[in-house]
Amino acid sequence: MVYNTGCSGAFPKKAALYQQAKDTMNGNITAVVLDNGLQVILKEVHSSPLISSWLWYRVGSRNEVEGSTGLSHWVEHMLFKGSKQFPKGSIMRLVDRYGGETNAMTSQDFTAYYETLPSTQVDLALQIEADRMSNALFELEEVESERTVIIAEREESENEPVYVLQENLAATAFQVHPYHHQIVGWKADIEHITRDELVAHYQHYYTPDNAVLIIVGDLQPAELMKRIEGLFGSIKPGSTVSNRISPEPPQRGERRVVVRLPGSTPIIQIAYHTPAVAHPDYLPLLILNGVLSGGSAPFNGSGMLARSARLYLALVETQLASSVGSYYHVSLDPTLFNIYAVVRQGRRSDEVERALFEQIERLQQEQVSADELRVAIRQTQAQLAYANESAARQALALGMLTIVDRYTRLDGFLDELATVTPNDVLRVAQSYLSADNRIVGWFEPLPGGAL
Amino acid sequence: MIYSLPITPQRIVRRQFANGLTVVLCENQASASVALEGDILAGGYFEQPGQDGLANLTASLLRRGTQEHSFQALNQLLDDVGASLSASADDLHVNISGQVLADDLPLLLKLLAEMLTEPAFDDTEFTKNRGQVLTNLGIYQNNTGYRAARAFSEALYPAGHPYARSSFGTLPSVASLENKDIRCFYKTYYHPGTCILVICGAVHVQQLLGELERLFGGWLVTTPLPSANVPMVATPAGITRAEVPLPDKSQVDLMWGAIGVSRLDPDYYAARMADVVLGRLGLMGRLGSRIRDELGLAYYASSHLESGIGPVPWFISAGVNPASIGRAIEELRSLVRGMREQPISDEELDDCRSFLIGSMPIELETNVDIAEQILSIEKFQLGYDYLLRYPDVINHVTKDDIRRVVYEHLDPDRYVLALSGTF
């Protein structure tokens with residue numbers, strides 16, 4: 001149990017807090033691989049009578065080919081539409097009955113299913129996931145009704161210019177690698193995917209040797225491991241999962257994309273090809289991201305808007321943009337580092353684009369200060385502490401990092417960040433944030449949008 | 001482990017200072033952070049006609065500089081320690097939120113005290129902030145969800161009613177605001193007597209109390225104590241349909257509903273349970289089960305009962321393809337009719353009760369969760385034994401109560417419907 005006993009007075013000492021943030025990240029972990037290949041990671045946190053159970057599959061939109069994009073996301077939907085022991089609708093109903101939460105998410109690199117429940121109900125989470133790992137029904141009628149639901153989900157996104165810009169920008173950035181398409185898939189593909197394709201995708205990727213089970217919370221590992229072995233141990237492993245994904249060739253010159261739709265406000269997005277999490281340059285780029293717009297705990301899904309960071313000062317404070325930011329995807333394969341700005345009323349897109357480029361050039365010409373480096377790390381530390389109050393957010397971090405690299409990296413994450421030097425940041429800015437390596441996207445509002 | 005509720009009379013320390021400001025503290029040493037939630041009765045209710053958005057702009061300007069620290073100095077101090085501190089306004093209230101590592105709490109509190117008691121309201125910051133709001137309002141004008149919600153509120157409430165207005169204001173109203181309006185609004189309506197500050201996290205409450213009294217006890221004003229009496233509104237007499245066409249949209253956002261049940265009404269719990277059955281339980285309740293799961297008409301279709309004082313809205317929202325609008329409306333009306341005409345099943349009642357009672361540990365997991373719950377208890381004067389009583393309250397609501405409250409508030413033939421998209 002994490003309990004801060006080392007403090008005195010109203011406010012605990014910094015050193016104690018730093019140690020606690022580290023302990024909370026990765027203490028009390030039991031990690032086992034079952035004979036069928038299922039990786040199991042259990043983490044004891046006894047601050048609340050809860051568990052958060054997450055089953056991760058190493059499959060996402062990166063495992064799809066053109067013509068059947070959106071398969072992974074659709075399979076995720078179908079796993080709530082009935083399995084052998086859990087008829088359609090029963091999973092959410094049962095979890096609600098105990099006051100729990102359940103949902104799922106599909107990304108480019110993974111699909112994850114989770115249940116957060118009172119710790120006395122951990123078995124329900126295990127039963128649900130063990131059953132739908134291999135017994136999902138994919139009834140034809142359910143496949144068809146879900147087709148229109150997914151089209152509606154896509155249409156909801158299409159209503160937003162920022163989504164349309166993002167989709168076009170990614171499709172322009174990735175010409176070979178499947179990060180080319182969005183997770184939901186192209187509409188034409190959703191309209192034509194068949195039940196057989198969904199089932200084949202499910203059977204190929206939903207196997208214990210392609211999955212990671214992570215449970216964080218008020219648990220007893222030895223007892224729980226026996227139950228996991230009992231429920232999952234007999235599920236047969238799959239054939240070796242094919243992972244032949246063509247890497248994106250180097251980009252040889254700036255690319256531009258313009259999206260025009262009715263609207264009122266221009267948006268600028270600039271993306272650079274950058275390496276994946278496992279690459280040594282990930283951390284300097286993460287610090288660079290913090291210097292531009294604020295530190296983050298990326299594996300926990302946490303970040304902050306720092307109004308003293310460079311982008312805000314250079315664009316919002318100067319009244320060029322109404323909002324601005326940057327983000328760096330957590331990914332298995334090389335990805336994009338993004339900066340964006342919403343153009344303020346009365347200003348022009350080219351002015352804003354120029355100001356964004358100037359901030360990039362500054363990073364390439366001079367080292368960031370030691371103070372900027374320190375603040376970015378401190379912000380990350382705070383974001384970690386906030387996120388770690390939640391069992392689900394801890395499980396999210398463990399799972400995401402297991403998929404894209406290795407969870408043990410959480411142990412020394414703050415220490416690793418602290419090794420980044422101003423020169424490292426300068427080097428990655430020069431290496432990756434070049435004009436030839438960038439994709440520039442503009443949303444240009446057409447007349448006819450409401451005002 | 002044995003669960004002990006974080007909010008009980010024994011665990012809460014509540015004080016009211018001589019100036020009327022209320023502080024509520026909850027020590028939770030299980031994490032390294034502290035959450036702060038605050039409330040002041042200085043929301044849109046107090047705006048004069050034509051000044052829509054004034055309350056929100058005033059609240060956001062609190063964070064943009066004090067007599068001692070400029071906006072950038074505040075940003076630097078808070079960013080340096082990874083803290084957040086913000087203020088915004090809704091229909092009635094100013095909402096304050098902050099989060100900080102425990103050892104930096106003194107800094108956060110000092111800056112909050114400056115914001116509340118000696119804001120700068122600098123002309124340059126006013127101009128910058130107003131411009132950002134105007135740009136955002138421009139973006140909202142092309143957002144189908146926002147436009148449907150605005151059309152719904154404007155059709156459900158009479159003109160001038162505080163719940164008819166948008167807390168963001170309108171393009172013309174915000175454009176017409178001046179910094180002197182901000183100063184005047186602050187001077188007239190910001191009063192320690194309506195201010196509640198809740199702090200939860202790794203603190204020692206007795207020492208913190210002294211610090212809070214030192215920082216906030218000297219906030220004195222001579223203006224009258226503001227109070228709000230939100231006018232009641234009759235339920236719709238018939239069908240009102242409001243359409244906001246926007247070009248080139250793939251999906252239509254719809255809102256359907258009527259006047260709901262005040263948080264202070266004894267029927268609130270029955271209404272809350274009806275809302276859970278209609279649009280929350282499982283995959284968005286009966287609405288999700290029918291409109292999404294069976295018919296595939298929408299990605300989302302759910303109901304929402306606002307938790308507020310007076311004639312709050314109770315509505316169903318959904319995003320549908322333009323070709324499915326008619327079918328979706330008929331289906332949701334049919335589901336409402338079903339809730340009026342037949343009691344919910346025993347299974348639904350049991351599930352609803354166990355969901356509402358069982359979800360407490362999840363809803364109270366983090367310091368932010370706990371602080372928000374405390375603020376709600378304080379605002380609605382529910383008493384700090386509220387969570388101890390809560391299971392009994394829920395278990396005493398009957399199927400007849402639920403049917404009656406739906407019958408009294410939702411009618412498939414008397415409602416407001418708002419749509420926005422490309423028809």
Side-chain angles (χ1 to χ4, degrees), chain A residues 2-4 9-14 17 20-21 46-50 88-89 92-93 96-101 116 118 145-149 152-153 155-156 158-159 218 261-265 295 304 306-308 319 322 342 344-345 375 378-379 381-383 385-386 389-390 448-451, chain B residues 1 3 29-33 72 75-76 79-82 84 99 101-103 105-106 128 131-132 134-136 138-139 141-142 144 171 202-204 207-208 246-251 281-283 289 292-296 298-299 319-321 351 354-355 357-362 365-367:
Chain A
V2 178
Y3 190 84
N4 191 352
F11 311 104
K13 297 284 184 289
K14 276 193 170 74
L17 287 170
Q20 180 177 322
H46 297 289
S47 51
S48 284
L50 299 171
K88 180 178 88 168
M92 286 188 162
R93 182 58 69 99
D96 271 0
R97 191 169 287 167
Y98 297 105
E101 289 178 1
T116 300
S145 80
E146 207 58 20
R147 188 189 306 278
T148 49
V149 169
E153 184 176 356
E155 288 175 341
E156 185 183 333
E158 287 172 0
N159 270 14
D218 180 32
L261 281 170
S264 64
T265 312
M304 65 179 286
R307 293 185 180 88
S308 61
Q319 304 186 56
S322 70
V342 176
R344 189 177 163 118
Q345 268 192 349
V375 167
R378 176 68 169 167
Q379 289 169 346
Q381 181 191 349
Q383 295 301 315
Y386 306 149
E389 289 178 35
S390 153
L451 255 187
Chain B
M1 69 180 289
Y3 181 51
Q29 298 288 352
S31 79
S33 77
Q72 264 317 311
N75 292 339
Q76 192 75 55
D79 288 351
D80 276 4
V81 297
S84 62
Q99 200 171 20
L101 290 176
D103 55 342
L105 180 61
K128 285 194 292 188
Q132 282 178 258
L134 287 170
T135 302
N136 291 338
I139 294 170
Q141 300 314 302
N142 289 283
T144 50
L171 285 163
V203 298
H204 290 171
Q207 286 162 284
L208 185 55
L246 290 176
D248 272 338
K249 298 293 185 186
S250 298
Q251 188 170 87
L281 206 57
L283 182 63
S289 177
R292 171 173 162 159
D293 228 15
E294 286 177 34
L295 301 174
Y299 175 59
V320 298
N321 185 280
D351 284 353
S354 59
F355 166 70
I357 296 166
S359 58
M360 274 199 290
I362 291 180
E365 188 181 14
T366 67
N367 286 325

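So you know, we letter chains A, B, ... as the sequences are listed, proteins then strands, and number each from 1.
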message = Whether the B:Asp80 and B:Gln76 side chains hold a donor-acceptor pair (N or O, under 3.5 Å, no angle test) is what I'd like checked.
response = yes
note = One option among A:Val342, A:Thr116, A:Val149, A:Thr148 has the most heavy-atom pairs under 4.5 Å with chain B, and it is A:Val149
note = In terms of heavy-atom pairs under 4.5 Å with chain B, the winner among A:Ser390, A:Gly89, A:Pro118, A:Ser145 is A:Ser390
message = Using heavy-atom distances under 4.5 Å, tell me whether B:Asn136 contacts chain A through its side chain, its backbone, both, or neither.
response = side chain
ask   = Is A:Arg378 close to B:Leu101 at the side-chain level, that is, under 4.5 Å between some pair of heavy atoms?
value = yes
task = Mind ranking B:Gly282, B:Ala298, B:Ser359 by heavy-atom pairs under 4.5 Å with chain A and telling me who comes out on top?
result = B:Gly282
query = Under a 4.5 Å cut-off applied to non-hydrogen side-chain atoms, are A:Gln379 and B:Asp79 in contact?
reply = yes
ask   = In terms of heavy-atom proximity below 4.5 Å to chain A, should B:Ile357 be classed as side chain, backbone, both, or neither?
value = neither
inquiry  = Only pairs of heavy atoms separated by less than 4.5 Å count here; which of B:Gly319, B:Gly131, B:Ser84 has the most with chain A?
reply    = B:Gly131
task = Might you point out which heavy atoms bring B:Gln251 and B:Val320 nearest each other, and give the distance in Å?
result = CG-O, 3.3 Å
task = Would you mind checking which part of A:Tyr98 comes under 4.5 Å of any heavy atom in chain B, side chain (CB onward), backbone (N, CA, C, O), both or neither?
result = backbone
query = At their closest point, which heavy atom of B:Gly138 faces which heavy atom of A:Thr265, and how far apart are they?
reply = C-OG1, 4.2 Å
task = Mind ranking A:Ala382, A:Ser322, A:Gly99, A:Ala306 by heavy-atom pairs under 4.5 Å with chain B and telling me who comes out on top?
result = A:Gly99
ask   = Heavy-atom distance under 4.5 Å to chain A: side chain of B:Ser289, backbone, both or neither?
value = neither
remark   = From the list A:Glu153, A:Lys88, A:Met92, A:Arg147, the residue making the most non-hydrogen contacts under 4.5 Å with chain B is A:Glu153
ask   = With chain A, which of B:Leu283, B:Asp293, B:Asn321 has the greatest number of heavy-atom pairs at distances under 4.5 Å?
value = B:Asp293
task = Could you verify whether a donor N or O on one side chain and an acceptor N or O on the other, from A:Ser264 and B:Gln141, lie under 3.5 Å apart?
result = no
key: Basic-acidic side-chain contact under 4.0 Å: B:Lys249, A:Glu156   = no
